[in-house]
Amino acid sequence: MKPPDVSSNSLAELNETTNIMSFLSSVLMLFSTFVSAQNDTINTPEVLLHKAQSDSYYKLLDSINTYYDAETEKQVNEIIKTESLKSLVYYDQLITQFPNSELVFDALYNKAQITYSYLDTNLAYEIFLKVVNFNTKKTAYKHRAFRALAEIEIEKKNFEKAMSYLDESCKYPIYFDCGVPWEIDTSQLRIMYTKCFDGLRGSKN
(Lines give C-alpha, C1' and ligand atoms only; values in the text may rest on other atoms or scores of the structure.)
Protein backbone atom coordinates (compact mmCIF):
# COMPACT_ATOMS: atom_id res chain seq x y z
CA MET A 1 0.00 0.00 0.00
CA LYS A 2 1.28 3.42 -0.90
CA PRO A 3 1.87 5.61 2.15
CA PRO A 4 -0.19 8.78 2.39
CA ASP A 5 1.34 11.85 0.86
CA VAL A 6 2.29 14.12 3.74
CA SER A 7 3.49 17.53 2.76
CA SER A 8 6.21 19.41 4.63
CA ASN A 9 3.58 21.96 5.72
CA SER A 10 1.46 19.22 7.29
CA LEU A 11 4.49 17.88 9.14
CA ALA A 12 5.32 21.34 10.42
CA GLU A 13 1.76 21.86 11.65
CA LEU A 14 1.78 18.44 13.33
CA ASN A 15 5.07 19.16 15.08
CA GLU A 16 3.79 22.55 16.22
CA THR A 17 0.61 21.00 17.61
CA THR A 18 2.64 18.31 19.38
CA ASN A 19 4.92 20.92 20.90
CA ILE A 20 1.97 23.00 22.10
CA MET A 21 0.31 19.94 23.66
CA SER A 22 3.57 18.96 25.32
CA PHE A 23 4.00 22.48 26.67
CA LEU A 24 0.44 22.62 28.02
CA SER A 25 0.89 19.20 29.62
CA SER A 26 4.05 20.40 31.33
CA VAL A 27 2.31 23.55 32.57
CA LEU A 28 -0.60 21.53 33.94
CA MET A 29 1.77 19.13 35.67
CA LEU A 30 3.74 22.01 37.15
CA PHE A 31 0.55 23.73 38.33
CA SER A 32 -0.71 20.49 39.85
CA THR A 33 2.56 20.01 41.73
CA PHE A 34 2.47 23.61 42.92
CA VAL A 35 -1.08 23.31 44.22
CA SER A 36 -0.25 20.03 45.92
CA ALA A 37 2.76 21.60 47.60
CA GLN A 38 0.68 24.57 48.66
CA ASN A 39 -1.96 22.30 50.17
CA ASP A 40 0.75 20.56 52.17
CA THR A 41 1.74 23.87 53.76
CA ILE A 42 -1.72 25.36 54.30
CA ASN A 43 -2.51 25.37 57.99
CA THR A 44 -5.87 25.77 59.63
CA PRO A 45 -6.65 25.50 63.35
CA GLU A 46 -8.02 22.01 62.72
CA VAL A 47 -4.92 20.91 60.77
CA LEU A 48 -2.55 22.22 63.42
CA LEU A 49 -4.51 20.56 66.21
CA HIS A 50 -4.46 17.30 64.28
CA LYS A 51 -0.70 17.58 63.75
CA ALA A 52 -0.20 18.19 67.45
CA GLN A 53 -2.43 15.30 68.42
CA SER A 54 -0.85 12.74 66.11
CA ASP A 55 -2.31 9.23 65.85
CA SER A 56 0.94 7.61 66.95
CA TYR A 57 1.05 9.78 70.05
CA TYR A 58 -2.47 8.81 71.11
CA LYS A 59 -1.91 5.14 70.33
CA LEU A 60 0.99 5.29 72.75
CA LEU A 61 -1.19 6.93 75.37
CA ASP A 62 -3.88 4.29 74.89
CA SER A 63 -1.42 1.42 75.09
CA ILE A 64 0.72 2.56 78.02
CA ASN A 65 -1.38 0.60 80.54
CA THR A 66 -0.86 -2.61 78.58
CA TYR A 67 2.86 -2.67 79.36
CA TYR A 68 3.83 -4.41 82.57
CA ASP A 69 7.56 -4.50 82.07
CA ALA A 70 9.08 -1.53 83.91
CA GLU A 71 11.81 -0.93 81.35
CA THR A 72 9.37 -1.03 78.44
CA GLU A 73 7.02 1.35 80.22
CA LYS A 74 9.94 3.71 80.82
CA GLN A 75 10.76 3.68 77.11
CA VAL A 76 7.14 4.35 76.20
CA ASN A 77 7.01 7.25 78.65
CA GLU A 78 10.11 8.73 77.05
CA ILE A 79 8.49 8.49 73.61
CA ILE A 80 5.33 10.16 74.94
CA LYS A 81 7.46 12.93 76.43
CA THR A 82 9.26 13.45 73.11
CA GLU A 83 6.01 13.50 71.12
CA SER A 84 4.39 15.84 73.64
CA LEU A 85 7.24 18.35 73.46
CA LYS A 86 7.23 18.19 69.65
CA SER A 87 3.52 19.02 69.63
CA LEU A 88 4.17 22.35 71.37
CA VAL A 89 5.34 23.78 68.04
CA TYR A 90 1.89 23.21 66.52
CA TYR A 91 0.02 24.44 69.59
CA ASP A 92 2.05 27.66 69.50
CA GLN A 93 1.36 28.05 65.78
CA LEU A 94 -2.36 27.64 66.35
CA ILE A 95 -2.36 30.16 69.20
CA THR A 96 -0.38 32.83 67.35
CA GLN A 97 -1.75 32.39 63.81
CA PHE A 98 -5.42 31.88 64.69
CA PRO A 99 -6.02 33.86 67.91
CA ASN A 100 -9.78 34.07 67.27
CA SER A 101 -10.28 30.35 66.79
CA GLU A 102 -12.22 28.41 69.43
CA LEU A 103 -9.50 25.75 69.17
CA VAL A 104 -7.04 28.13 70.82
CA PHE A 105 -8.68 27.02 74.06
CA ASP A 106 -7.78 23.37 73.38
CA ALA A 107 -4.26 24.35 72.37
CA LEU A 108 -3.75 26.43 75.52
CA TYR A 109 -4.94 23.65 77.80
CA ASN A 110 -2.75 21.00 76.14
CA LYS A 111 0.22 23.36 76.14
CA ALA A 112 -0.30 24.04 79.84
CA GLN A 113 -0.46 20.32 80.66
CA ILE A 114 2.69 19.50 78.70
CA THR A 115 4.55 22.47 80.18
CA TYR A 116 3.50 21.40 83.68
CA SER A 117 4.50 17.78 83.11
CA TYR A 118 7.87 18.32 81.46
CA LEU A 119 9.08 21.92 81.54
CA ASP A 120 8.29 24.72 83.97
CA THR A 121 5.64 24.85 86.72
CA ASN A 122 5.51 28.64 86.90
CA LEU A 123 5.05 28.99 83.14
CA ALA A 124 2.40 26.28 83.21
CA TYR A 125 0.59 28.18 85.96
CA GLU A 126 0.36 31.28 83.76
CA ILE A 127 -1.00 29.26 80.85
CA PHE A 128 -3.56 27.52 83.07
CA LEU A 129 -4.75 30.98 84.13
CA LYS A 130 -5.34 31.81 80.47
CA VAL A 131 -7.35 28.60 80.14
CA VAL A 132 -9.67 29.35 83.07
CA ASN A 133 -10.18 32.92 81.86
CA PHE A 134 -10.89 31.89 78.25
CA ASN A 135 -14.39 32.74 77.03
CA THR A 136 -15.82 29.36 76.05
CA LYS A 137 -18.69 27.02 76.85
CA LYS A 138 -16.36 24.03 77.13
CA THR A 139 -16.24 23.08 80.78
CA ALA A 140 -14.09 19.95 81.02
CA TYR A 141 -10.77 21.69 80.40
CA LYS A 142 -11.63 24.50 82.81
CA HIS A 143 -12.48 21.89 85.44
CA ARG A 144 -9.08 20.24 84.99
CA ALA A 145 -7.22 23.55 84.71
CA PHE A 146 -8.58 24.72 88.08
CA ARG A 147 -7.52 21.39 89.56
CA ALA A 148 -4.02 21.86 88.16
CA LEU A 149 -3.84 25.39 89.59
CA ALA A 150 -4.94 24.01 92.97
CA GLU A 151 -2.28 21.29 92.78
CA ILE A 152 0.43 23.86 92.11
CA GLU A 153 -0.74 25.99 95.02
CA ILE A 154 -0.74 22.93 97.30
CA GLU A 155 2.87 22.24 96.26
CA LYS A 156 3.67 25.83 97.26
CA LYS A 157 1.70 25.38 100.54
CA ASN A 158 -0.72 28.15 99.56
CA PHE A 159 -3.66 26.15 100.90
CA GLU A 160 -6.31 28.85 100.98
CA LYS A 161 -5.62 29.76 97.36
CA ALA A 162 -5.67 26.09 96.45
CA MET A 163 -9.08 25.65 98.09
CA SER A 164 -10.47 28.58 96.14
CA TYR A 165 -9.34 26.91 92.90
CA LEU A 166 -10.91 23.61 94.01
CA ASP A 167 -14.17 25.45 94.67
CA GLU A 168 -14.00 26.94 91.19
CA SER A 169 -13.34 23.55 89.60
CA CYS A 170 -16.66 22.32 90.98
CA LYS A 171 -18.48 25.03 89.00
CA TYR A 172 -17.35 23.39 85.75
CA PRO A 173 -18.59 19.79 85.93
CA ILE A 174 -17.39 16.97 83.72
CA TYR A 175 -19.93 14.50 82.37
CA PHE A 176 -18.57 10.97 82.53
CA ASP A 177 -19.79 7.96 80.52
CA CYS A 178 -19.42 5.59 83.46
CA GLY A 179 -18.93 5.62 87.21
CA VAL A 180 -15.22 4.80 87.45
CA PRO A 181 -13.87 8.12 86.08
CA TRP A 182 -16.38 9.96 88.28
CA GLU A 183 -15.11 8.08 91.34
CA ILE A 184 -11.50 8.88 90.43
CA ASP A 185 -12.32 12.56 89.97
CA THR A 186 -14.29 12.74 93.22
CA SER A 187 -11.56 10.91 95.11
CA GLN A 188 -8.95 13.33 93.76
CA LEU A 189 -11.04 16.29 94.88
CA ARG A 190 -11.49 14.80 98.36
CA ILE A 191 -7.76 14.10 98.73
CA MET A 192 -6.83 17.62 97.62
CA TYR A 193 -9.29 19.24 100.04
CA THR A 194 -7.90 17.04 102.83
CA LYS A 195 -4.36 18.19 102.03
CA CYS A 196 -5.54 21.79 102.23
CA PHE A 197 -7.34 21.31 105.56
CA ASP A 198 -4.39 19.44 107.04
CA GLY A 199 -2.00 22.09 105.76
CA LEU A 200 -4.05 24.93 107.25
CA ARG A 201 -4.28 23.13 110.61
CA GLY A 202 -0.56 22.47 110.57
CA SER A 203 0.25 26.10 109.89
CA LYS A 204 -1.80 27.18 112.92
CA ASN A 205 -0.02 24.80 115.31
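When a residue number appears, it is its place in the shown sequence, counting from 1.
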Checklist entry - Taking 4.0 angstrom as the limit, do E153 and K156 come out as a salt bridge? => result no

Next on the checklist: Rounded to the nearest 0.5 Å, what separates atom NZ in K157 from atom CG in L200?
Outcome noted: 11.5 Å

Checklist entry - When you check the side-chain N and O atoms of D167 and Y193, is any donor under 3.5 Å from an acceptor? => result yes

Checklist entry - Hey, does I80 have a side-chain heavy atom less than 4.5 Å from the side chain of E83? => result no

Checklist entry - Distance-only, no hydrogens or angles: does the K111 side chain make a donor-acceptor pair with backbone N or O of Y91 under 3.5 Å? => result no

Checklist entry - Is the backbone of P181 close enough, under 3.5 Å, to the side chain of D185 for a donor and an acceptor to pair up by distance? => result no

Checklist entry - Yes or no on salt bridge (Lys or Arg N to Asp or Glu O under 4.0 Å) for R201 and D198, after CA distance, side-chain angles and deciding distance? => result CA-CA 5 Å; R201 277 198 296 267; D198 290 346; 2.5 Å; yes

Checklist entry - Parallel, tilted or perpendicular: which fits the ring planes of Y141 and F105, with parallel below 30° and perpendicular above 60°? => result tilted

Checklist entry - Are any non-hydrogen side-chain atoms of N110 and S87 less than 4.5 angstrom apart? => result no

Item to check | Heavy-atom closest pair, residues I114 and S84 | outcome: CD1-O, 3.4 Å

Checklist outcome for this item: Minimal heavy-atom distance between C170 and L189, with the atoms involved, is SG-CD2, 3.7 Å

Item to check | Donor-acceptor pair, side chain of H143 and main chain of S169, under 3.5 angstrom | outcome: yes

Checklist entry - What heavy-atom pair brings A112 and A124 nearest, and what distance separates the two atoms? => result O-CB, 3.7 Å

Checklist outcome for this item: CD1 of I95 to CG of D106, rounded to nearest 0.5 Å, is 10.5 Å

Checklist entry - So, for A162 and C196, which heavy atoms are closest and what is the spacing to 0.1 Å? => result CB-SG, 3.7 Å

Next on the checklist: Would you say that more than 12 heavy atoms from the other residues, nucleotides or ligands in this model lie under 6.0 Å from the CD of E46, or not?
Outcome noted: yes

Checklist entry - More than 12 heavy atoms of other residues, nucleotides or ligands under 6.0 Å from OH of Y90: is that the case? => result no

Item to check | Minimum side-chain heavy-atom gap F146-L166 below 4.5 Å | outcome: no

Item to check | Donor-acceptor contact present, side-chain T96 to main-chain Q93, <3.5 Å | outcome: yes

Checklist entry - In Å and rounded to the nearest 0.5 Å, what is the CZ to CG distance from R144 to L149? => result 14.5 Å

Next on the checklist: Assess the residue pair K81 and E78 against the criterion (salt bridge (Lys or Arg N to Asp or Glu O under 4.0 Å)); give the C-alpha distance rounded to whole Å, side-chain angles, the decisive distance to 0.1 Å, and a yes or no.
Outcome noted: CA-CA 5 Å; K81 177 181 178 180; E78 282 300 313; 5.1 Å; no

Checklist entry - Can you find a heavy atom in the side chain of K142 that is under 4.5 Å from one in the side chain of T136? => result yes

Next on the checklist: Once rounded to the nearest 0.5 Å, what's the spacing between atom OH of Y116 and atom OG1 of T121?
Outcome noted: 6.0 Å

Checklist entry - Just wondering, are more than 12 heavy atoms of other shown residues or ligands nearer than 6.0 Å to NZ in K138? => result yes

Item to check | K161 backbone acceptor or donor facing N158 side chain under 3.5 Å | outcome: no

Checklist entry - Just how far is it from atom CG of N77 to atom OG of S117, taken to the nearest 0.5 Å? => result 11.0 Å

Checklist entry - Side chains of F128 and Q113: closer than 4.5 Å at any heavy-atom pair? => result yes

Next on the checklist: To the nearest 0.5 Å, what is the distance between NZ on K195 and CZ on R190?
Outcome noted: 13.5 Å

Checklist entry - Do V89 and L108 share a hydrophobic cluster, counting only Ile, Leu, Val, Met, Phe, Trp and Tyr and linking them when any side-chain heavy atoms are less than 4.5 Å apart? => result no

Checklist entry - L129, I127: one ILVMFWY side-chain cluster at the under-4.5 Å cut-off? => result yes

Checklist entry - So do T139 and I174 actually touch side chain to side chain, heavy atoms under 4.5 Å? => result no

Next on the checklist: Working note: T44 + S101, criterion side-chain contact (heavy atoms from CB on, under 4.5 Å); need CA distance, chi angles, decisive distance, verdict.
Outcome noted: CA-CA 10 Å; T44 66; S101 170; over 6 Å; no

